[in-house]
Amino acid sequence: MTTTSEYKKPIPRPTGESQPFWDFCKKHELRFQRCSKCNTFRHYPRPLCGECGSFDFDWVQVAPKGTVHSWVTAHRAFHPGFAEELPLAIVIVDVDEAPGIRIMANYNDGTKADEVAVGAPVKIVFDDVTEEFTLPKIARA
Amino acid sequence: MYSPKELSNKTCVVGIGETTYSRKSGMTDLTLQLTAAMRAIEDAGIKPGDIDGILPQAAGATSEDFATNLGIKDLRYSAQINMGGASPCAAIQNGVLAVASGVCNYVLLLSGRNGYSGARTAQSIGAGLGSGPMRTMGEFEYIYGLVAPMLWYGPMARRHMHLYGTTSLQFAEVSIAMRRHASMQSNAQMKDPITIEDHQSSPILADPFRLLDCCLQTDGAAACVITTPERAKDLKKKPVYISAFGEAHPDSPSSITQRPDMTTFGIAKLAPRVFEMAGMTPKDVDVAELYDCFTFTVINQLEDIGFCGKGEGGPFVEGGRIQIGGDLPVNTHGGLLSQGHIMGMNHVIEGIKQVRGSSDVQVKDAEVALVSGYGDFGDGALAIFSGR
């Protein structure tokens, strides 16, 4: 594991609302906010349920499984930290057990950009990128 | 109180001004914008101090800068819209409301920047990811390399291709139409005509986008003056009426990733309202100036505005339909793809020119021009200009 100062890519800058999400990732748990009143999942983390107006929610753990919704492949290093991984697939994944919720991720199992397809099943895995942060990533299911 | 429909044609544009679109203006951002402003004020035939409302839609200059430089003694209204490239078109709404309500007599709307020789978009985005509308994206998406706009919109385009069979060859049709129009314009950055083969052999930057799917970066500025038809009677130019206007936001406005249908932009909600306000349908539009940060963005807007059905935008742009002489000429100025990128203010200006009959690529007998803006993560704006 690298220290934060050695990690060359951007790291998350959590807010009071989002800090628990990253804390759960560090424990390798995939959890999303779900409204306690109307049971609607929401992501990215925020205070209020847009469906029913309730501030009450639970961090509900879901299975780390998903499906490719769409993706884009970077052929240029728009940030120098990604220069050695080009072409880099940046993938949007529907989370199977959290209806309406998606995550963004990169593959970390060597899957090449030209092997990505809409509808492909993926496993959501956790990459301890620094001492401080663990990022959700994906691998072929 | 006015209903939106009663605001149709209650205001008009009486002056327009542009600088040269280039890669090196040799001016500061402020001088560049003031140059466009003074040209619009002169075109209108008013004095700089007559301006009492300012809508500056670009970085590098504030309302206070304009008030000081233009000698405005009593600035009554100013607003900067936070909708990225949709801001100039969206700000028409602010201008109309300020003038129709009687708060202001003459509102100056402008945008511009040294977008090539000065700070580049990628740099300003990197700096903006910690706060404002991009904060969430900074936390959850930037970390996977999603840095530049072509990466934000790539998944939208890919999804459209997946759902509707849209192709890179159809993207090319948009690119060559914009370039053909720019080649006929006196003021445009990229004038060499291109072919589908040129598009297909241009490098892939962010698959599915090639170089020739992506807009330019530009030094330039443009401005217009909005007032009432009554005041316009005493001015130099024939007024161009603002028949409809509005801004719109998509579902999940701060995140494309979480949007239920990432191929539906905010303007899908706005288009029916705007046509109702104008008392028109898409068939009444003679020419459309559509925000074209990427080729795909044009295709998707053609659908969301209602020029064709959802998923039909790819076939719609084939066969020269959106070129001058086609059924619906689009971006007769060359757009962001070939004329220049000043956040779509050049689209507003070109729509006004078409109704005036003064474009270098004039659509014959054009009476109605529709202009769109698109920004951030799917925000949008529309305006309909007419000669009445």
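Everything quoted here is computed from the prediction, not taken from an experiment. Heavy-atom basis, side chains included; hydrogens, waters and symmetry copies ignored. First the proteins, then the strands, lettered A, B, ... as listed; each starts at 1.
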Which bit of T257(B) is near chain A, if near means a heavy-atom gap under 4.5 Å: side chain, backbone, both or neither?
both

CZ of F82(A) to CG of L146(B), rounded to nearest 0.5 Å, is 9.5 Å

Walk me through it: do T15(A) and R135(B) pass the test side-chain contact (heavy atoms from CB on, under 4.5 Å)?
CA-CA 10 Å; T15(A) 63; R135(B) 196 208 64 75; 3.1 Å; yes

Atom CD of E51(A) with >12 non-hydrogen neighbours under 6.0 angstrom
no

As an exercise, state the distance from CZ of R76(A) to CG of L211(B), rounded to the nearest 0.5 Å.
7.5 Å

So which pairs with a foot in residues 259-271 of chain B pass side-chain hydrogen bond (donor to acceptor under 3.5 Å, both in side chains), sequence neighbours left out?
D251(B)-K269(B), D261(B)-T263(B), D261(B)-T264(B)

Using 0.5 Å steps for rounding, measure from the CG atom of L151(B) to the NE2 atom of H75(A).
10.0 Å

With distance as the sole test, does R158(B) use its side chain to make a donor-acceptor pair with the main-chain N or O of S70(A) at under 3.5 Å?
no

Nearest non-hydrogen partners of I143(B) and I11(A), listed with the distance
CG2-C, 3.6 Å

Is the shortest side-chain heavy-atom distance between I92(A) and M262(B) below 4.5 Å?
yes

Write down the atom of Y144(B), the atom of P136(A), and the distance for their closest heavy-atom approach.
OH-O, 2.6 Å

Calculate, to the nearest 0.5 Å, the distance between atoms OG and CZ belonging to S252(B) and R102(A) respectively.
8.5 Å

Check each atom of L135(A) against the heavy atoms of chain B and say whether the ones under 4.5 Å are side chain, backbone, both or neither.
both

Under 4.5 Å, heavy atom to heavy atom: which of residues 103-116 of chain A reach chain B? Give them by number, or say none.
I103(A), M104(A), A105(A), N106(A)

Please flag which part of Y44(A) lies under 4.5 Å from any non-hydrogen atom of chain B: side chain, backbone, both or neither.
both

Derivation and outcome, side chain to side chain donor-acceptor pair (under 3.5 Å), residues E139(B) and S18(A)
CA-CA 9 Å; E139(B) 181 176 354; S18(A) 64; 2.5 Å; yes

Return the option, out of I256(B), I204(B), D207(B), with the maximum number of heavy-atom pairs under 4.5 Å with chain A.
D207(B)

Taking the inter-plane angle between the rings of F140(B) and W22(A) on a 0 to 90° scale, is it parallel (under 30°), tilted (30 to 60°) or perpendicular (over 60°)?
parallel

Output the distance between atom NE2 (H43(A)) and atom CD (Q258(B)), rounded to the nearest 0.5 Å.
5.5 Å

Closest contact, heavy atoms only, P155(B) versus V72(A)
CD-CB, 3.7 Å

Check whether P14(A) gets within reach of chain B through its side chain, its backbone, both or neither, counting any heavy atom under 4.5 Å.
both

